[in-house]
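Counting begins at 1 with the first residue of the sequence. Keep in mind that what you see is a predicted model, and the values were worked out from it rather than measured.
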Amino acid sequence: KKAHWIFTERQGTTVTIKQHLSNGYSVAKETLNLYFAMQNLNRATIKYAGDMIKVGMNLSDIKALCENYLLENGADSFWYWDVGAFVFAGDETAVSVSGKDYKVTDRTVQENDIITIDLSPQKNNIWGDYARTLVFENGVLCDETDRIKNDEWRSGLQMEEYLHKTLIDVATPDMTFEELYYFMNDVIVKKGFLNLDFLGNLGHSIAKNKNDRIYTEKGNHQRLSDVKMFTFEPHISLPDSKYGYKREDIYYFDNGKLIQ
């Protein structure tokens, strides 16, 4: 007995949701609405941060403004090591670190800078999970990837978009997490990039307790459709580069088709 969710992008930061049921299994409407709300909240938070970040702002201030926005607009806490916003800038974007070891650094936003924000709000143990790498040129947020002037930064964000599109094209309900791990890491290498994740994985299942997650990693023979939802969050870099890129979204299947 399975329930299927469809999330459809609408006008940038809004997502609509509807429920498809099979075999009579019913999922509480409030639960679906909370997943819907958490991801919408993440999108709105990134947009808010992009509007608020200024040259000279300290990363701790960006972390605080994101976490405050999350709590003021629907989250009741943060599921990943009690941190709501992991913020990295410049060469820190290539650093992969466990949440339990994370400490925001004392550095400020430069006129030309690259900033990764990874959000982990929850409400009633319902998670949101979302990350974006933002590029600022001449002190202004570049909100269109193709218009980024820095060739390396532009190619990194284009690669992230390509990987997420490829996931939708190739993922099937019967594919295992290990098969996805090998396939995507092969794509990353063939396109001339590196997987920076400190454990080498590319995402995890959505659970109620962070210790119950399973990962897109070698040796995980469970099928993608064995979990209700999973993240895809490649953390990549070009060889010999000091910059990294990350884009994270939640995915799940509806009638055999992968939906973001």
Side-chain angles (χ1 to χ4, degrees), residues 2 5 35 39 79-81 83 86 88 91-102 116-120 122 127-133 155-254 256-260:
K2 296 181 180 179
W5 295 265
Y35 280 115
Q39 287 302 88
W79 66 266
Y80 193 52
W81 299 104
V83 177
F86 295 83
F88 306 90
D91 56 5
E92 293 180 346
T93 56
V95 175
S96 180
V97 60
S98 169
K100 66 181 178 181
D101 299 320
Y102 171 74
T116 294
I117 303 175
D118 194 340
L119 304 174
S120 50
Q122 66 175 352
W127 298 356
D129 212 358
Y130 191 84
R132 289 294 186 270
T133 296
S155 66
L157 294 192
Q158 287 173 334
M159 182 61 182
E160 284 285 356
E161 293 168 4
Y162 174 79
L163 289 171
H164 280 259
K165 181 182 181 300
T166 300
L167 172 71
I168 291 175
D169 290 342
V170 306
T172 65
D174 288 332
M175 177 181 277
T176 67
F177 283 92
E178 180 182 64
E179 287 169 342
L180 181 62
Y181 165 86
Y182 278 118
F183 184 92
M184 284 299 181
N185 275 300
D186 189 53
V187 172
I188 289 169
V189 171
K190 285 181 176 177
K191 290 290 186 178
F193 285 78
L194 305 171
N195 180 353
L196 294 176
D197 186 82
F198 72 101
L199 293 175
N201 69 55
L202 295 165
H204 56 81
S205 62
I206 295 296
K208 293 292 183 69
N209 184 308
K210 68 178 183 295
N211 298 319
D212 293 335
R213 292 173 295 164
I214 63 172
Y215 297 90
T216 304
E217 63 183 352
K218 181 169 64 175
N220 184 357
H221 302 297
Q222 289 191 253
R223 301 180 308 162
L224 300 179
S225 59
D226 288 339
V227 301
K228 290 180 180 178
M229 303 177 183
F230 62 92
T231 69
F232 184 62
E233 48 183 303
H235 184 195
I236 60 172
S237 179
L238 288 164
D240 302 319
S241 171
K242 62 181 181 178
Y243 303 111
Y245 313 91
K246 192 172 188 181
R247 182 184 182 96
E248 178 178 24
D249 287 296
I250 293 176
Y251 292 88
Y252 40 85
F253 288 97
D254 179 76
K257 179 176 174 56
L258 192 66
I259 306 294
Q260 177 184 309

Steps toward side chain to side chain contact (heavy atoms under 4.5 Å, CB included) verdict (I188, L194): CA-CA 6 Å; I188 289 169; L194 305 171; 5.6 Å; no
Intermediate values then yes/no, salt bridge (charged side-chain N to carboxylate O under 4.0 Å, His left out), D212 and K208: CA-CA 7 Å; D212 293 335; K208 293 292 183 69; over 6 Å; no
Worked check of side chain to side chain contact (heavy atoms under 4.5 Å, CB included) between R132 and I117: CA-CA 6 Å; R132 289 294 186 270; I117 303 175; over 6 Å; no
Audit row: Q260, I250, side chain to side chain contact (heavy atoms under 4.5 Å, CB included) steps and yes/no: CA-CA 6 Å; Q260 177 184 309; I250 293 176; over 6 Å; no
Stepwise side chain to side chain contact (heavy atoms under 4.5 Å, CB included) test for M175 and R223: CA-CA 5 Å; M175 177 181 277; R223 301 180 308 162; over 6 Å; no
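Scored by the side-chain hydrogen bond (donor to acceptor under 3.5 Å, both in side chains) test, S120 finds no partners at all (sequence neighbours excluded). For N185, the side-chain hydrogen bond (donor to acceptor under 3.5 Å, both in side chains) partners are N195, not counting sequence neighbours. Checked against side chain to side chain contact (heavy atoms under 4.5 Å, CB included), Y162 has the following partners two or more places apart in sequence or in another chain: M159, T166, V187, K191. The ring pair (Phe, Tyr, Trp, His ring centres under 6.0 Å) test applied to Y215 returns no partner, not counting sequence neighbours. Checked against side chain to side chain contact (heavy atoms under 4.5 Å, CB included), T116 has the following partners two or more places apart in sequence or in another chain: T93, T133, K246. Residues forming a side-chain hydrogen bond (donor to acceptor under 3.5 Å, both in side chains) with S241 (at least two apart in sequence, or on another chain): E152. The side-chain hydrogen bond (donor to acceptor under 3.5 Å, both in side chains) test applied to Q158 returns D146, not counting sequence neighbours. Residues satisfying the ring pair (Phe, Tyr, Trp, His ring centres under 6.0 Å) test with W79, not counting sequence neighbours, are W127, H204. Contacts of Y243 classified as ring pair (Phe, Tyr, Trp, His ring centres under 6.0 Å), with partners at least two apart in sequence or in another chain: W153. With sequence neighbours excluded, the residues satisfying side chain to side chain contact (heavy atoms under 4.5 Å, CB included) with A94 are L196. Remark: F230 pairs with F177 by the ring pair (Phe, Tyr, Trp, His ring centres under 6.0 Å) rule, at least two apart or across chains.
At a threshold of 4.5 Å between non-hydrogen side-chain atoms, the residues I206 and V227 do not count as touching. Under the 4.5 Å side-chain criterion, counting only non-hydrogen atoms from C-beta, S205 is not in contact with M229. A 4.5 Å side-chain heavy-atom check between R213 and T231 finds every atom pair outside the cut-off. For the pair H164/Y251, a side-chain contact is recorded, criterion being any heavy-atom separation below 4.5 Å from C-beta on. You'll find the side chain of F232 stays beyond 4.5 Å of the side chain of E248, heavy atoms only. Within the 4.5 Å cutoff, side-chain heavy atoms of M184 are placed close to those of L163. Counting heavy atoms from C-beta on, the side chains of L167 and L180 come closer than 4.5 Å. Looking only at side-chain heavy atoms (C-beta outward), D118 and D129 come within less than 4.5 Å of each other.
Results of the ring-ring contact (aromatic ring centres under 6.0 Å, His included) test with Y102 over W81, F198, F88 single out F88 as the only residue that passes.
No donor-acceptor distance shorter than 3.5 angstrom exists from the side chain of S98 to the backbone of D101, with no hydrogens or angles considered. One N or O on the side chain of S225 and one on the backbone of P173 form a donor-acceptor pair closer than 3.5 Å.
The minimum heavy-atom distance linking G192 with P239 is given by the pair O-CD, 3.0 Å. The shortest non-hydrogen separation linking H235 to S96 is ND1-CB, 4.1 Å. Listed here is the closest heavy atom pair of S237 and G244: CB-CA, 4.4 Å.
By the neighbour-count criterion of 12 heavy atoms within 6.0 Å, atom NZ of K210 is densely surrounded, having more than that number from other residues, nucleotides or ligands. Other residues, nucleotides and ligands contribute at most 12 non-hydrogen atoms within 6.0 Å of the CZ atom of F183. By the neighbour-count criterion of 12 heavy atoms within 6.0 Å, atom CG of N211 is densely surrounded, having more than that number from other residues, nucleotides or ligands.
Remark: the Y181 side chain and the E217 side chain contain no N/O donor-acceptor pair separated by less than 3.5 Å. Remark: the T176 side chain and the E178 side chain contain no N/O donor-acceptor pair separated by less than 3.5 Å.
Between K242 atom NZ and E92 atom CD the span is 12.0 Å, to the nearest 0.5 Å. To the nearest 0.5 Å, atoms CG (L258) and CG (D169) are separated by 10.0 Å. To the nearest 0.5 Å, atoms CG (N201) and CG (N220) are separated by 10.0 Å. Going from atom CG of D197 over to atom CD of E233 covers 7.5 Å, rounded to the nearest 0.5 Å. Here the OH-NZ distance, from Y35 to K228, works out to 6.5 Å after rounding to the nearest 0.5 Å. Atom OG1 of T216 and atom CG of L199 lie 12.0 Å apart (nearest 0.5 Å).
The salt bridge (Lys or Arg N to Asp or Glu O under 4.0 Å) analysis of residues 180-190, with sequence neighbours excluded, yields the pairs D186-K190.
Ring centroids of F193 and Y245 are separated by 6.0 Å or more, keeping the two rings apart.
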